[in-house]
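Down below is the structure, laid out as structure tokens.
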Amino acid sequence: QLQLVESGGGLVQPGGFLRLSCAASGFTLDYYAIGWFRQAPGKEREGVLCISGSGTTRYLDSVKGRFTISRDIAKNTVYLQMNSLKPEDTAVYYCAAMRSRCGDGRSAYWGQGTQVTVSS
């Protein structure tokens, strides 16, 4: 069965960095797009970055120049490198598998999420 497991979250100071991992099983990354989404308390879920065989998509302008998405086909894993973190980046981060291309996640398979807290 298709499964996604996020890891790498934690507590970090403003200006710090984290790398999140999304480990996929039951399918190959070659035929799916993998997006990172986040949801902060009291806020709607928002897309961050997405990667597919066609390239990358940025959903959120506020992460430009700070966050990078990548994938390792051999490990069947997608990463989110987060640099220059800000308190407003605090959220639960989820990865989602979508057929064919990057989308809004409404028809996606989801992982369990990993908490990122940016605080001084």
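- Between Phe67 and Val48, some side-chain heavy-atom pair lies under the 4.5 Å cut-off.
- Hydrophobic clustering (ILVMFWY, side-chain heavy atoms < 4.5 Å, transitive): Trp110 and Leu2 are in distinct clusters.
- Judged by distance alone, the side chain of Thr90 and the main-chain N or O of Glu88 form no donor-acceptor pair under 3.5 Å.
- The shortest side-chain heavy-atom distance between Cys102 and Tyr59 falls under the 4.5 Å cut-off.
- At distances below 3.5 Å, at least one donor-acceptor pair connects side-chain atoms of Glu6 with backbone N or O atoms of Gln112.
- Applying the ring pair (Phe, Tyr, Trp, His ring centres under 6.0 Å) criterion to Phe27, with sequence neighbours excluded, gives Tyr32.
- There is a path of hydrophobic side-chain contacts, each under 4.5 Å, that joins Val78 to Met82.
- The backbone N or O of Ile51 sits nowhere less than 3.5 Å from a side-chain atom of Thr56 that would complete a donor-acceptor pair.
- Under the 4.5 Å side-chain heavy-atom criterion for grouping Ile, Leu, Val, Met, Phe, Trp and Tyr, Val5 is not connected to Tyr79 through any hydrophobic cluster.
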If you look only at distance, which donor and acceptor atoms sit under 3.5 Å apart when one is on a side chain in residues 33-46 and the other is two or more places apart or in another chain?
from: Arg38; atom 1: NE; to: Glu46; atom 2: OE2; distance (Å): 2.9
from: Arg38; atom 1: NH1; to: Asp89; atom 2: OD1; distance (Å): 2.9
from: Arg38; atom 1: NH1; to: Tyr93; atom 2: OH; distance (Å): 2.9
from: Arg38; atom 1: NH2; to: Glu46; atom 2: OE2; distance (Å): 3.3
from: Gln39; atom 1: NE2; to: Lys43; atom 2: O; distance (Å): 3.2

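- Without hydrogens or angle criteria, Thr114 side chain to Gly9 main chain gives a donor-acceptor distance under 3.5 Å.
- The two residues Leu29 and Thr77 make their nearest non-hydrogen contact at CD1-N, 3.6 Å.
- Rounding to the nearest 0.5 angstrom, the gap separating the CG atom in Asp30 from the CD1 atom in Ile73 is 5.0 Å.
- The shortest heavy-atom contact between Leu49 and Leu80 is CD1-CD1, 3.8 Å.
- The minimum heavy-atom distance between Gln115 and Val92, with the atom names listed, is OE1-CG2, 3.3 Å.
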- [ ] Could you go through the side chain to side chain contact (heavy atoms under 4.5 Å, CB included) check for Met98 and Cys50 one step at a time?
- [x] CA-CA 10 Å; Met98 296 164 281; Cys50 184; 3.8 Å; yes

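- Looking only at side-chain heavy atoms (C-beta outward), Arg101 and Ser52 stay at 4.5 Å or farther from each other.
- Distance check, rounded to the nearest 0.5 Å: OG of Ser119 to CD of Gln13 gives 8.5 Å.
- Rounded to the nearest 0.5 angstrom, Thr57 OG1 and Ile69 CD1 are separated by 9.0 Å.
- Remark: Tyr109 OH is loosely packed, at most 12 non-hydrogen atoms of other residues, nucleotides or ligands lying under 6.0 Å away.
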List the atom pairs, donor and acceptor, that lie under 3.5 Å between side-chain atoms in residues 15-23 and the rest of the protein, sequence neighbours left out.
none

